[in-house]
There are 2 protein chains.
Amino acid sequence: MADLPDESVDLVFADPPYNLQLGGDLHRPDNSRVDAVDDDWDQIGDFDDYDLFSCAWLEQARRVLKPDGALWTIGSYHNIFRVGAFLQDMGFWIHNDVIWRKSNPMPNFKGTRFTNAHETLIWAGKTKASRVTFNYAAMKALNDGVQMRSDWTLAICAGGERLKTGDGRKAHPTQKPEALLHRVLLATSNPGDIILDPFFGTGTTGAVARKLGRRFIGIEADAGYADIARRRIAAISPAADADLKVTQSKRALPRIPFGAVVEAGLLKPGDTLYCAQGRRTARVRPDGTVAAGGETGSIHQMGAHVQGAPACNGWTFWHVRQSGQLAPIDVLRARIRAEMEGV
Amino acid sequence: MADLPDESVDLVFADPPYNLQLGGDLHRPDNSRVDAVDDDWDQIGDFDDYDLFSCAWLEQARRVLKPDGALWTIGSYHNIFRVGAFLQDMGFWIHNDVIWRKSNPMPNFKGTRFTNAHETLIWAGKTKASRVTFNYAAMKALNDGVQMRSDWTLAICAGGERLKTGDGRKAHPTQKPEALLHRVLLATSNPGDIILDPFFGTGTTGAVARKLGRRFIGIEADAGYADIARRRIAAISPAADADLKVTQSKRALPRIPFGAVVEAGLLKPGDTLYCAQGRRTARVRPDGTVAAGGETGSIHQMGAHVQGAPACNGWTFWHVRQSGQLAPIDVLRARIRAEMEGV
DNA sequence: CAAATACTTGAATCAGGTC
DNA sequence: CGACCTGATTCAAGTATTT
């Protein structure tokens with residue numbers, strides 16, 4: 001990661017070692033042994049060692065991120081509090097913590113705790129000022145038309161998706177489901193963006209990035225994992241650009257000033273605007289301001305003014321009379337947008 | 001809290017200020033103002049001040065906890081990572097992080113993030129060695145017979161439960177639902193335990209503690225809140241002791257050695273024990289050991305031995321023939337337990 | 001061949017008391 | 001503190017096997 005240039009990456013997704021400190025073997029009630037995560041790479045050491053490790057990769061991530069870039073990281077209670085506190089200290093600005101709620105977690109076999117049924121992700125901008133990518137409407141669409149929440153119910157990676165070695169054992173002990181990465185990348189990156197995964201493992205991030213038309217950089221210390229990841233990703237054919245379009249947020253649509261409506265002649269200076277009930281009126285001025293109640297200003301300011309409200313969306317408050325009916329001026333904006341797209 | 005004696009408390013439940021950093025007022029799309037958390041007590045300042053504040057109350061909580069005591073704390077991404085890291089650094093031992101998944105969260109009105117639909121709780125023992133209370137069987141029962149998971153779906157506090165001031169405004173900005181405290185106290189405390197809530201607010205912890213027959217200590221700096229809490233709790237009549245009983249784990253039952261079954265004459269030396277299928281047998285000896293497969297030892301050791309298993313619960317593995325049917329020897333143990341209770 | 005049953009497995013800080 | 005013993009304890013999916 002130290003070799004990457006400054007400010008070259010749009011999004012970082014990091015699935016660092018959790019530094020689990022497991023005791024002896026764990027057996028199920030049927031006496032079978034649980035195949036635990038006891039790999040060397042997960043044994044960072046005590047809190048001090050783990051903190052140094054975390055700060056090191058977080059600092060590098062921060063360096064390579066573009067000013068409007070963002071970072072995701074995932075963890076469990078073993079490590080996520082430390083990582084979260086450090087990234088706040090470094091100036092990352094948390095937008096959400098997101099819960100991956102596992103539909104099929106491993107139970108607590110000894111009956112000593114609550115079933116550990118979730119992991120925590122943190123989504124943070126590089127700085128408080130970073131204008132990070134968030135495809136709000138795409139998330140809403142993905143969630144059947146209601147806002148996507150901060151808790152995501154997804155199955156763990158198993159079955160055919162789980163990569164196996166030649167002898168049928170799992171290739172990587174902590175392979176993440178592609179559905180998780182799909183949602184992360186769809187929500188907070190755009191096609192063509194550069195995604196960096198500093199703990200690439202068997203390449204789930206790369207596989208999903210390729211499917212979704214994102215570019216990616218994967219870093220993996222274990223040559224065996226890297227080899228599996230390479231072959232996995234080579235087998236994927238990315239979708240065509242046209243298939244990657246997602247529902248656009250209104251926010252992402254080009255901004256149309258009210259003056260453009262006047263410029264376009266859809267309204268003329270002196271035309272009257274009405275509130276929905278028709279009782280309040282404003283008069284259009286040539287410069288795209290409106291006059292109402294003895295004052296002048298933007299459609300939003302005047303909408304607020306006549307209501308005595310602190311704010312107002314003038315596009316939906318003000319209406320025009322079209323063939324006897326009142327229609328919000330937003331329909332005029334829509335007409336301009338349609339023209340801009342060359343429809 | 002500094003006035004409380006050392007090691008005097010069984011459980012701490014802490015709902016500290018979240019250190020929310022809200023920039024300006026929030027308005028809903030219809031322009032109504034969102035009544036956000038902007039009380040003085042939630043504006044601790046920057047991270048340094050908040051960290052000092054967090055360490056101070058955590059240290060006091062640690063001091064007053066009994067050696068086998070435990071602590072709960074709740075927070076959002078604004079503060080929970082810092083609090084979690086500190087309590088780990090202090091030697092608290094995390095058992096679970098628990099997600100309160102809100103069934104009816106406040107939407108994200110600006111469409112810039114995921115709906116903030118959860119809060120995070122941490123359940124930690126005072127030390128790694130603390131044998132904390134966990135009413136596993138009660139939680140399993142509460143959850144329709146399957147293990148309680150680390151994510152709890154509960155509604156936010158609203159409607160009749162939400163305390164109001166005389167003029168109809170909410171009495172406290174972050175009143176927690178009683179259902180949340182109910183689950184916390186039921187899971188990790190016993191009737192008669194002393195519960196400390198250092199951020200008592202309007203007394204939800206005290207109200208639920210009283211209902212559940214726990215004793216409590218509430219600390220609240222705001223006299224107005226404290227007054228509301230006092231009146232709220234005074235109106236509650238605790239349930240009768242008999243109504244506070246919950247499903248007990250078998251671990252909590254008195255231990256009966258197999259030899260006691262022989263001493264009581266429920267089995268005689270030379271009697272034969274069978275596995276469930278009747279194919280394997282063992283012969284009872286006078287000292288409570290059994291002989292099977294050419295070896296002798298405890299019912300557990302011989303059960304494991306004849307199966308070639310690493311371990312075995314002899315009480316459920318071995319059976320006696322009663323009127324032609326095979327019954328596990330556990331029924332004999334149950335008979336002795338019943339006699340011990342003086343029934 | 002379909003349906004029913006059995007087996008396998010997953011980021012796990014997974015017991016408690018006595019000698 | 002370590003060794004040793006008793007004996008309590010699992011959910012949802014996917015895959016394999018049997019009926």
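Proteins come first, then strands; the chains are lettered A, B, ... in the order of their sequence lines, and each starts at number 1.
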When you check the phosphate oxygens OP1 and OP2 of C:dG10, does a side-chain N or O of A:Lys170 lie under 4.0 Å from one of them? yes
Under 4.0 Å between any heavy atoms, over every strand shown, what does B:Ser298 touch: base, sugar-phosphate, or nothing? Just pick one. sugar-phosphate
Check this one for me: any side-chain N or O of B:His300 less than 4.0 Å away from OP1 or OP2 of D:dG7? yes
The ring pair (Phe, Tyr, Trp, His ring centres under 6.0 Å) partner of A:Phe199 among A:Trp57, A:Trp41, A:Tyr225, A:Trp72 is A:Trp57
For A:Ile156 and for B:Arg131, find the nucleotide of DNA chain C with the closest heavy atom, then tell me which residue's nucleotide is more 5'. A:Ile156
What contact category does A:Ile74 fall into here, base, sugar-phosphate, or nothing, at under 4.0 angstrom with non-hydrogen atoms? nothing
Between B:Asp10 and B:Lys66, is there a salt bridge with N-O shorter than 4.0 Å? yes
Would the base of C:dA11 count as contacting A:Lys176 through its side chain, where contact means a donor and an acceptor less than 3.5 Å apart? yes
With a 4.0 Å limit, can you tell me whether A:Arg169 has a side-chain N or O closer than that to the phosphate oxygens OP1/OP2 of C:dT8? no
Map A:Asn108 and A:Gln175 onto DNA chain C by nearest heavy atom, then report which one ends up closer to the 5' terminus. A:Gln175
Donor + acceptor pair across side chains of A:His78, A:Ser76 (<3.5 Å): yes
Residue whose closest nucleotide on DNA chain D lies nearer the 5' end, B:Pro310 versus A:Thr115: B:Pro310
Could you check whether B:Phe258 gets within reach of a base, just the sugar-phosphate, or nothing at all, counting any heavy atom under 4.0 Å? nothing
Test ring-ring contact (aromatic ring centres under 6.0 Å, His included) on B:Phe86 and A:Phe81 and set out the steps. CA-CA 9 Å; B:Phe86 283 131; A:Phe81 302 121; over 10 Å; no
Scan B:Asn313 against the nucleic acid and name what it touches under 4.0 Å (heavy atoms): base, sugar-phosphate only, or nothing. base
Quick one: the side chain of B:Arg255 and the base of C:dG16, do they pair up donor-acceptor inside 3.5 Å? no
Between B:Arg149 and D:dT10, does any side-chain N or O lie under 4.0 Å from OP1 or OP2? no
Which nucleotide, if any, forms a Watson-Crick or G-U wobble pair with D:dA8, using both distances under 3.5 Å? none
Assess, by modelled atom type and distance only, whether the side chains of A:Asp97 and B:His118 contain a donor and an acceptor separated by less than 3.5 Å. yes
For A:Ala36, report the nucleic acid contact type (base, sugar-phosphate, nothing); a contact means any heavy atom under 4.0 Å. base
Measure the distance between the ring centre of B:Trp315 and the centre of the six-membered base ring of D:dG7, then answer whether it is under 5.5 Å with planes under 30°. no
When rounded to whole Å, the CZ to P distance for the pair B:Phe134 and C:dG16 reads 12 Å
Return the nearest nucleotide to the side chain of A:Asp15; candidates are D:dT10, C:dA12, C:dA11. C:dA11
Proximal nucleotide (of D:dG7, C:dT9, C:dA11) relative to the A:Glu119 side chain: C:dA11
